[in-house]
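Letters go in sequence order (proteins before strands), and every chain restarts at 1.
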Amino acid sequence: MMNRKALTVGLSAMLLATGILTGCGSNNGGNEGSNATGNTGNASQSGNAANNGNEAAGDLYKDHLELSIAYFDIASAIKDGQQDDLLKMIQDKFNITIKPVNESWSDYSDRTKLWAASGQLPDAFFTDATSGDLFNQWVDQGIIKPLPDDMSAFPNLKKYLDLPDVEGAKAADGKAYFIPRMLANRNELPNDRGILIRKDWMDELGLKDPTTYDELKNVLKTLGEKKGVIPLTSNSIGWTHDSVFHNIAPASGWWQKVDGKWIPGWMTDAYAEVIEKERDFYKSGILDKDFAVPNMDAEGKFNQGKAAALVTTVKTMTGTLNGWNAANPGKKMLDAVKILPNVPAADGKNYLYGYFDYWSGTLFSSEVSDEKQERILALLDWLASPEGQKTVFYGLEGVDWEPNGDKIINKHEGEKDFDLAKKYPSTAVFNGLSIWTDGVRYIEGYGSSETEQVQKYLDGVEADALQTGEKAPVNWVVNAYASSLSTGGGDLDGLVTKLVMGNDDIKAALKAFADEQMGLGLQDAIDKVNEKFADEN
Amino acid sequence: MKGSLLWKRILQYKMFYLLLLPIVIYYLVFAYVPMYGVTLSFKKFMFNKGILGSPWVGLDNFQYIFKYSAFWTAFRNTIVISIGRLLIEFPMAIIVALLLNELAGSKMKKLYQTVFTFPHFLSWVVLGGILVNILGNTGAVHLVLSNIGLENVSLLSDPDTFRGLLYTTNIWKEAGWGAIIYLAAIAGISPELYEAAYMDGANRWKQMLHITWPSINGIVAMMLILAVSGIMNGGFDQIFNLYSPAVYNVADILDTFMYRLSFSGNVNLGFGIITAVGLFKSVISLALLVMANYFVKRMGQEGLM
């Protein structure tokens, strides 16, 4: 379950990044550089690209290196003959040529496994297998190379590697094998899960924000009936737990200590209660009947006014704007849609959605030389630095932005059609290659564009949630370790879907599933976690 | 003595053997050589050691899958869906061929044949998308049903209707194509037979029963053997593009099970265990093929072996 959850975390992080980008303005300048992927090392610099970065080159990066890197759609972001001053600047700065190894969101997992099986892993590659069976096999079998013991040369990465949940994810040999792709340097991500709802329809029908599940049911039912639409659409049952019913079982996705014993969250009673509620929503026609149909376009249904509410990663609202505007010309999303506040827990509190500090990581092939690994780490370190973050999200200093204290002044602000990824295609890779985000907003205030306004709304909701909400009741260190263990390999999401749509006894079915998993490895995992963390809480 | 005779014959027909050679090479390279991969089902796959170097684990992988309940669900579904296909889908192609044969005008015959054959050329990836759009709860079927006041049904995620949907859509897609081989057999029947029957007063039905059917039943028997040998293939493309966790219980077959657990999704059992499932499947397929061949021979038809 974790992986699919995680995948969408990553996707949403990417969308978020794109959202930030589309807020910038447009300009066709900065084409002084020659062939962007020219592999002439730091010998060829021209135009403004040179301003940004070659001072560090010198002796440090004396030998020119060719580095193969696997990342999503990297082959279209970095290719010969494509004008890209930002790529040129980076390649010159580190005296490297990046050899793109392509993969896509739908096949990265297959490809990585096949590369690993056939000894063709690129020097550095993306993976979300930063723990668990596959990762452990790679470590045991010497497929991947650990990070250097001393990471002090890479301070921007080291500070993340030292975080407790990253420390806790070290392999059994005590070494770190991946650079964590950071989401936010805190374990609370309130805008990662939520419900978008048609507030214009709620106002029209005089409906108020619900504070209990009965009220929520009533609001959704009324919207569905009066508007003749699907009350609540969703294409992930896992997302539905965390969005709609999060406060019933705020840590159901994580290991918890129950009666002095660590067990996976799905073995708790609260989890069964969530499924019960989901079944109720499904059977009473509130939850979209097609929630389990593969590739069902829930967002499309919501944008097109076929559904009144959508279970989603609400922070990707900026990325949804295009779809919304295409389906609703002339109607601003912020005028019609809002994030529905969570129904509070029985104790009246709102528990924040929690996740590890990172989702996915960069791993290194065991074949890669120390020199190459260090060069890649230097690149990743720079990308994670404030300078790197400003560059990947706003472009080149002096060309696209001017410094303003710690922040920047975006020269493209107000240019409606500006797209950084068009000007510098490689930003589509660099803005997620090292980390998703360092959590810092580098521009003062918000622009007037719709994207910026939506971002402002999102930031406001998030700040408010962080201030008023309770921390997720999750022990991240225990969970970092637990997620590295094999727990039987059963398909929990499949089971939950079946239970929601069927009439089987939920507790009995979960018990039968648990019994089966126990025999397939879960028992060992439980024993190990309890042995190691008997005193933790 | 015998050996030299064989060589003499081979030499005599060397051109025929030369013609055969590419096919032999094809099977050697693409079917027999890769078979060493099945040894993985008795090994724990190690990425750094490859297929040949990975350590042997005896029957561990098989023990694991036999304990894994989803495997048995997939096994049962494979058999049930395949038998369903054999009973429901297999005769459809024959019926379509016989019906087409009875059509009077040759233009109409061609038109219908084209219309029936066409869907075969669409891939299940495309059809999967189309079916989701038609049958989903914002699709055409839902609109019609809800406008005449019937309850919203979601055929794609309802375990009671899913298998029926599989058969129906596959018949629509493949029956026309499958009929071609029977139509070819029917075309080879001498018209004199029909003329003689007509003279004897046999009507269209009797002609079909006593001339057309006996003339094609050899082909039917052969197709049946082939179909039985494929019984462990429940139709991966179709099911993979239409199913969802909601219907795993009735729709997950061994092929989708293997694919899902080795590549996609959130559960990953490792190549050794998945190869064990594959080998298990192949052994059963082989046994079924031999059995079908035996029974067909017993029934007086020519077998394949």
Considering only heavy atoms, give the residues of residues 161-172 of chain B separated from chain A by less than 4.5 Å, sorted numerically, with 'none' for an empty result.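 Within residues 161-172 of chain B, no residue comes under 4.5 Å of chain A, counting heavy atoms only.
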Can you name the ring-ring contact (aromatic ring centres under 6.0 Å, His included) partners of B/F45, sequence neighbours left out?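 If we apply the ring-ring contact (aromatic ring centres under 6.0 Å, His included) test to B/F45, skipping adjacent residues, the hits are B/F47, B/F271.
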Hey, could you give me the CD1/OG distance between A/I237 and B/S244, rounded to the nearest 0.5 Å?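 Rounded to the nearest 0.5 Å, the CD1-OG separation comes out at 11.5 Å.
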Can you tell me how far the NZ atom of B/K44 sits from the CD atom of A/Q137, to the nearest 0.5 Å?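 One gets 5.0 Å once the value is rounded to the nearest 0.5 Å.
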More than 12 non-hydrogen atoms from neighbouring residues, nucleotides or ligands closer than 6.0 Å to [atom1] on [X], yes or no?
X: B/Y27; atom1: OH; answer: no
X: A/K511; atom1: NZ; answer: no
X: B/Y26; atom1: OH; answer: no

Would you mind checking which part of A/D297 comes under 4.5 Å of any heavy atom in chain B, side chain (CB onward), backbone (N, CA, C, O), both or neither?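 Contact with chain B is absent: no heavy atom of A/D297 under 4.5 Å.
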With only heavy atoms counted, which part of A/L495 is less than 4.5 Å from chain B, the side chain, the backbone, both or neither?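 Contact with chain B is absent: no heavy atom of A/L495 under 4.5 Å.
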Under the side-chain hydrogen bond (donor to acceptor under 3.5 Å, both in side chains) rule, collect the residues that match up with B/E174, sequence neighbours excluded.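 Scan of B/E174 (side-chain hydrogen bond (donor to acceptor under 3.5 Å, both in side chains), adjacent residues dropped) gives B/H120.
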Can you name the residues of residues 512-521 of chain A that have some heavy atom under 4.5 Å away from a heavy atom in chain B?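 Residues of residues 512-521 of chain A touching chain B at under 4.5 Å: A/E516, A/G519, A/L520.
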Among the listed options A/L499, A/D140, A/V500, A/V293, the residue most often paired with chain B at heavy-atom distances under 4.5 Å: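 Looking at each of A/L499, A/D140, A/V500, A/V293 in turn, A/V293 comes out on top.
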Side chain, backbone, both or neither: which part of B/L242 has a heavy atom under 4.5 Å from chain A?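 Contact with chain A is through the backbone of B/L242 alone.
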Side chain from CB out, backbone as N, CA, C, O: work out which of these in B/Y248 comes under 4.5 Å of a heavy atom of chain A, or both, or neither.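 Contact with chain A involves the side chain of B/Y248 alone.
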Heavy-atom closest pair, residues A/G494 and B/P245: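 In terms of heavy atoms, the two residues are closest at CA-CB, 3.6 Å.
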